[in-house]
Amino acid sequence: MRTKATTVDAYRLIHEGILALARAERQGFRIDIEYCEKKRESLTRKIAHNQQRVEDTKLYRRWAHIYGTKTNIYSNHQLARILYQVLKIEPPKMTEKGVEGATDEESLAQIDMPELKLILQMRKLVKIRDTYLGAFIRESNDGWIHPVFHLHTVRSYRSSSSDPNFQNIPKRDAEAMEICRRAIYPRLGHMLVEMDFASLEVMISACYHKDPTMLKYLRDKQSDMHADMAAQIFKMETIDRSLPSHYILRQAAKNGFVFPQFYGDYYGNNAVGIASWVELPQSRWKKGQGILLPDGSSISDHLMMNGLHSYNQFVEHMKGVEESFWGQRFTRYNQWRKAWVKKYRRLGYLEMLTGFTFSGVMRKNEIINYPMQGTAFHCLLYTFIELDKMMRDEGWDSRLVGQIHDSILMDVHPEELPRVEQAIRMIVKEMLPAAWKWIIVPLDVEIERYEIDQPWVKKG
DNA sequence: GGAACTCGCCAC
DNA sequence: AAACGTGGCGAGTTCC
């Protein structure tokens with residue numbers, strides 16, 4: 001029996017969630033303002049130096065000739081006009097809304113002009129300085145920051161955060177991550193601890209569609225969906241994750257195909273992404289192109305030996321991969337998607353397993369994605385609420401600091417660490433599946449510990 | 001001089 | 001036939 005929740009259950013979750021999040025907001029976290037200000041100054045010097053180098057280029061002289069005193073090298077609109085109208089470069093891509101050529105990183109990287117690298121470098125530094133360090137300084141009071149968490153703003157019933165946004169602090173770019181997270185500290189004598197759900201959205205999607213192949217992937221730790229897809233995409237027998245080059249192939253399959261497909265993307269875009277992951281050009285291929293494989297050959301050698309001689313042939317191949325992905329591998333999942341959209345068109349609204357109703361004019365991808373996103377977040381919120389209860393019941397000195405959709409950041413007293421970790425595992429592995437019977441997959445978490453009295457930065 | 005818009009970019 | 005989901009925010013620009 002998989003009992004679905006009601007609107008009253010949904011209401012209770014939001015009600016308790018708001019209270020738990022409000023308590024976390026009141027706690028907040030420590031911030032090293034002196035560091036932020038020093039770093040902001042050093043970034044400003046670096047940016048000015050960079051700016052000087054831009055001003056010494058031929059591109060800038062053309063630019064200044066046209067715009068005179070209005071010249072602003074931070075203006076993408078001006079840059080677009082110089083590149084695509086004055087210099088008549090063919091725009092690699094257009095912007096979303098405007099009729100202008102795009103000047104985002106992806107586009108500029110495709111134009112062979114060294115000046116643009118300087119502009120991109122400047123953009124990155126300005127982003128770190130103004131969006132993150134600037135916000136920390138602006139939002140801090142006596143060395144404390146209290147980000148706000150909202151439960152009423154997001155169409156999919158996820159959360160959002162503001163003042164400052166705690167949910168988009170850099171993580172993937174090592175330099176940006178280091179600079180921004182070095183500002184964030186636990187209370188004196190405490191340590192930051194972060195818990196992350198493992199593949200939460202995919203786990204939750206399986207609770208909706210119950211696809212047997214997907215359930216096997218999620219229940220059997222030996223199986224590896226992304227490795228299997230990498231093998232199919234790159235026409236290889238097996239993928240050995242311990243080999244660095246095979247690991248890249250797996251990452252390419254995961255981030256360039258599997259996840260975009262789950263969000264509703266199609267093979268044409270996937271081919272672009274995968275080619276860039278493995279460094280292959282969008283043209284006819286030659287020997288020795290792209291990333292190197294363990295036997296010393298390159299990925300282009302391997303694909304050409306297997307009948308793919310050009311990017312165009314690869315796109316056709318990806319079309320077939322997509323067809324087999326939904327038609328053979330995840331048949332049941334695909335049937336669910338179709339039925340789910342049909343149900344929306346019949347009723348005009350849909351319900352999540354957590355009891356939330358969503359309606360209004362929606363596109364196909366929204367109809368399919370909202371329940372996964374929302375429900376996954378509700379697992380996190382349940383965990384957050386229960387942790388908050390235990391913390392107060394047992395009078396912990398440890399505290400909840402914030403939440404990022406499928407992860408929680410805590411400020412932990414070192415002596416309480418074993419209890420905190422035990423509590424997290426108990427909530428996620430026992431209480432949650434007991435409370436929500438529709439959870440038919442093994443939910444799991446990773447727990448990351450940072451050093452006592454040290455900032456939110458991994459020891460490398 | 002501020003509101004609203006666009007673009008770009010950070011997170012999941 | 002069509003073609004990637006959810007946010008927040010800074011800067012530039014345009015409009016009133």
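These values consider heavy atoms only, across backbone and side chains, with no hydrogens, waters or symmetry-generated copies.
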Interatomic distance, [X] [atom1] vs [N] [atom2] [rounded to whole Å]:
X       : N       : atom1 : atom2 : answer
N165(A) : dC10(B) : CG    : C1'   : 8 Å
Q373(A) : dA11(B) : CD    : C1'   : 12 Å
I404(A) : dC12(B) : CD1   : C1'   : 8 Å
F166(A) : dC12(B) : CZ    : C1'   : 13 Å
E194(A) : dA11(B) : CD    : C1'   : 12 Å
E175(A) : dC10(B) : CD    : P     : 12 Å

Under the salt bridge (charged side-chain N to carboxylate O under 4.0 Å, His left out) rule, what pairs show up with a residue in residues 49-62 of chain A, not counting sequence neighbours? none

According to the salt bridge (charged side-chain N to carboxylate O under 4.0 Å, His left out) rule, which pairs have a member within residues 323-336 of chain A, sequence neighbours left out? none

Quick one, which residues of residues 12-42 of chain A touch DNA chain C with a heavy atom under 4.0 Å? none

Regarding [X], tell me which of base, sugar-phosphate or nothing describes its non-hydrogen contacts under 4.0 Å with the strands shown.
X       : value
Y370(A) : sugar-phosphate
N369(A) : sugar-phosphate
Q78(A)  : sugar-phosphate
A102(A) : sugar-phosphate
T103(A) : sugar-phosphate
I169(A) : sugar-phosphate
G264(A) : sugar-phosphate

Taking only residues two or more places apart in sequence, or in another chain, which ones meet [X] in a side chain to side chain donor-acceptor pair (under 3.5 Å)?
X       : result
H405(A) : none
E386(A) : K389(A)
R337(A) : N334(A)
N269(A) : D265(A)

Taking only residues at least two apart or on different chains, which pairs with a member in residues 127-140 of chain A satisfy side-chain hydrogen bond (donor to acceptor under 3.5 Å, both in side chains)? T44(A)-R129(A)

Could you list all the side-chain hydrogen bond (donor to acceptor under 3.5 Å, both in side chains) pairs where at least one residue sits in residues 87-98 of chain A, not counting sequence neighbours? K93(A)-D104(A), K93(A)-E106(A)

Are any non-hydrogen side-chain atoms of V441(A) and C207(A) less than 4.5 angstrom apart?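 Yes, their side chains come closer than 4.5 Å.
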
With D411(A), which of R187(A), R399(A), R30(A) fulfils side-chain hydrogen bond (donor to acceptor under 3.5 Å, both in side chains)?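 Output: one option passes, namely R187(A).
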
Could you give the distance from CG (N165(A)) to OG (S160(A)), rounded to the nearest 0.5 Å? 7.5 Å

Does anything in residues 115-151 of chain A come within less than 4.0 Å of DNA chain B? Heavy atoms only, and list the residues if so.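 Residues of residues 115-151 of chain A that come under 4.0 Å of DNA chain B are, in numerical order, R123(A), K127(A), Y132(A).
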
H405(A) or Y266(A): which one's nearest nucleotide on DNA chain C is closer to the 5' end?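 By nearest-heavy-atom nucleotide position, the 5'-most residue is Y266(A).
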
OP1 or OP2 of dT6(B) versus the side-chain N and O atoms of T95(A): is any pair under 4.0 Å?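 So the side-chain polar atoms of T95(A) never come under 4.0 Å of the phosphate oxygens OP1 or OP2 of dT6(B).
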
Would you indicate, yes or no, if dT6(B) has its OP1 or OP2 atom less than 4.0 angstrom from a side-chain nitrogen or oxygen of K97(A)? yes

List for me each residue that meets salt bridge (Lys or Arg N to Asp or Glu O under 4.0 Å) alongside E178(A), sequence neighbours excluded, and say none if there are none. R182(A)

Nt span of DNA chain C in reach of chain A heavy atoms at under 4.0 Å, 5' end first, is dA3(C) to dT13(C)

